[in-house]
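Each remark here refers to the structure printed beneath this line.
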Amino acid sequence: MDEIPATQAPTVTGYTSGRPPPVPTLVEWAHEHLLSMLVSMEIAPGTRIGIDSVARKLGISQTPIREALSRLEAENLVIKIPNVGYHASPQMTPAEVNDLYVLRLLIEPYAAARAAESMSEEVLASLAMMEEETARIQSESGVAYARFAEADAILHSLVATGSGNSLIAETIERLHMHLHIFRFLFNTNAPQEAAEEHAKILQALLARDPVAAEAAMRTHLERSQVRIERASTRITPRVSRDPRARMPESRRATKSRR
């Protein structure tokens, strides 16, 4: 069975470590590194992901790579094309980003207000610890950036769950929006700005102040949208929404019948 190298983790987008990666399984380790390559654009949107090459890069077998890719497919970050393989999901269009933020501004400020009233002390303590960790992130390369993106997703999910409204929580979870958003923001100061905004949200939650929590979440989302719009101008527009659109028509037709 493969083992995580104990002396030095493979380099991914400039990341190295003298310790074993802080994840308990090879699948989670592979998932973390693949995620870092996706959100940092080392694997560009729409491009094919070669399982062999990733396995060689990480020094492990293909089995945990395949399982990690299945998790990323569930998170909508990769697409599996039968008999072809995995491709990185295409980048969101400006229209999709706008629609996403319209939805978020409708439900997340409300969720924050309700969470301030009903979130348990245990969850609040977990959020406080998480914010301490994410605030320490200074680098925006590789695994560190991917961890911040995941932490951001968890924070928003906990707030949604803390609202006590299961439909809001399910909607936020199903969108997997945060990881897509962070593909726009690599090599920007988004983590530092977001960490400051998160701190204000957390302060309002800890104070059990629903008005302040709603306002802080709304401000955070509005500023996040501005960051996305600013960052999207430096990203080359995608050629196709679906990698299958580049396949010959006859081949797409065959796959659609399967």
Side-chain angles (χ1 to χ4, degrees), residues 22 32 35-36 39 75 97-141 143-231:
E32 182 176 68
L35 177 62
S36 77
V39 298
E75 294 167 344
V97 171
N98 181 72
D99 289 347
L100 175 62
Y101 275 90
V102 167
L103 175 60
R104 295 186 69 186
L105 283 163
L106 284 172
I107 63 176
E108 289 200 69
Y110 171 84
R114 301 290 74 77
E117 296 175 329
S118 59
M119 185 176 281
S120 70
E121 295 296 332
E122 182 180 3
V123 174
L124 283 175
S126 297
L127 283 173
M129 292 179 61
M130 183 186 302
E131 278 305 287
E132 289 179 5
E133 291 299 319
T134 56
R136 295 192 187 105
I137 296 177
Q138 299 297 322
S139 170
E140 293 204 23
S141 61
V143 173
Y145 184 75
R147 286 174 181 163
F148 185 93
E150 287 190 302
D152 181 85
I154 292 170
L155 185 149
H156 283 266
S157 179
L158 286 174
V159 171
T161 301
S163 72
N165 188 310
S166 60
L167 289 178
I168 289 177
E170 290 170 8
T171 298
I172 297 299
E173 179 69 22
R174 187 168 58 248
L175 288 174
H176 297 292
M177 58 201 172
H178 295 81
L179 301 181
H180 287 280
I181 286 170
F182 271 82
R183 291 201 291 176
F184 279 102
L185 298 174
F186 185 63
N187 283 335
T188 72
N189 62 346
Q192 288 75 22
E193 293 178 356
E196 293 173 2
E197 293 156 14
H198 288 167
K200 293 180 180 179
I201 295 170
L202 180 60
Q203 183 179 6
L205 292 172
L206 291 170
R208 297 290 186 183
D209 187 337
V211 175
E214 180 173 354
M217 180 64 78
R218 187 175 303 280
T219 296
H220 168 53
L221 294 175
E222 290 171 346
R223 291 179 178 174
S224 175
Q225 184 171 12
V226 170
R227 288 192 289 267
I228 289 288
E229 291 171 349
R230 187 169 59 230

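When reading the values below, keep in mind they use all heavy atoms of this one structure, side chains included, and skip hydrogens, waters and symmetry mates.
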- request: Starting at CZ of Arg104, measure out to OG of Ser224 and round the result to the nearest 0.5 Å.
  value: 5.5 Å
- prompt: So among Ile172, Ile168, Ile201, Leu103, which one has a side chain to side chain contact (heavy atoms under 4.5 Å, CB included) with Glu108?
  reply: Ile172
Charged N-O contact under 4.0 Å between Glu196 and Arg223: no
task: Mind checking the CD-CG spacing from Glu197 to Leu221? Nearest 0.5 Å is all I need.
output: 9.0 Å
message: Using side-chain heavy atoms (C-beta onward) and a distance below 4.5 Å, is Leu202 in contact with Leu155?
response: no
- line: To the nearest 0.5 Å, atom CG of Asp209 lies from atom CD of Gln203 at 9.5 Å
Asn165 side, atom CG; Tyr110 side, atom OH - distance, nearest 0.5 Å: 6.0 Å
message: If you define the side chain from C-beta out and look only at heavy atoms, does anything of His198 sit under 4.5 Å from Leu127?
response: no
task: Output, in order, the C-alpha distance, side-chain angles, deciding distance and verdict of salt bridge (charged side-chain N to carboxylate O under 4.0 Å, His left out) for Glu193 and Arg227.
output: CA-CA 10 Å; Glu193 293 178 356; Arg227 288 192 289 267; 3.1 Å; yes
- prompt: Does a side-chain heavy-atom distance below 4.5 Å link Leu205 with Val159?
  reply: yes
statement: Here the gap from Leu158 atom CG to Leu124 atom CG, rounded to the nearest 0.5 Å, amounts to 10.0 Å
- prompt: Step by step, would you call Leu105 with Gln225 a side-chain contact (heavy atoms from CB on, under 4.5 Å)?
  reply: CA-CA 10 Å; Leu105 283 163; Gln225 184 171 12; 4.2 Å; yes
task: Please step through side-chain contact (heavy atoms from CB on, under 4.5 Å) for the pair Ser157 and Ile154, ending with a clear verdict.
output: CA-CA 5 Å; Ser157 179; Ile154 292 170; 5.5 Å; no
task: Run the salt-bridge test on Arg218 and Glu214 with the 4.0 Å N-O cut-off and return the result as yes or no.
output: yes
field: Side chain to side chain, Met119 and Arg208, heavy atoms closer than 4.5 Å
entry: yes
field: Least distance between heavy atoms, Gly162 atom then Ser118 atom
entry: O-OG, 2.9 Å
message: What's the separation between atom CG in Asn98 and atom CD1 in Ile228, rounded to the nearest 0.5 Å?
response: 12.0 Å
message: Using modelled atom types and a 3.5 Å cut-off, is there a donor and acceptor pairing between side-chain atoms of Ser163 and backbone atoms of Ala160?
response: yes
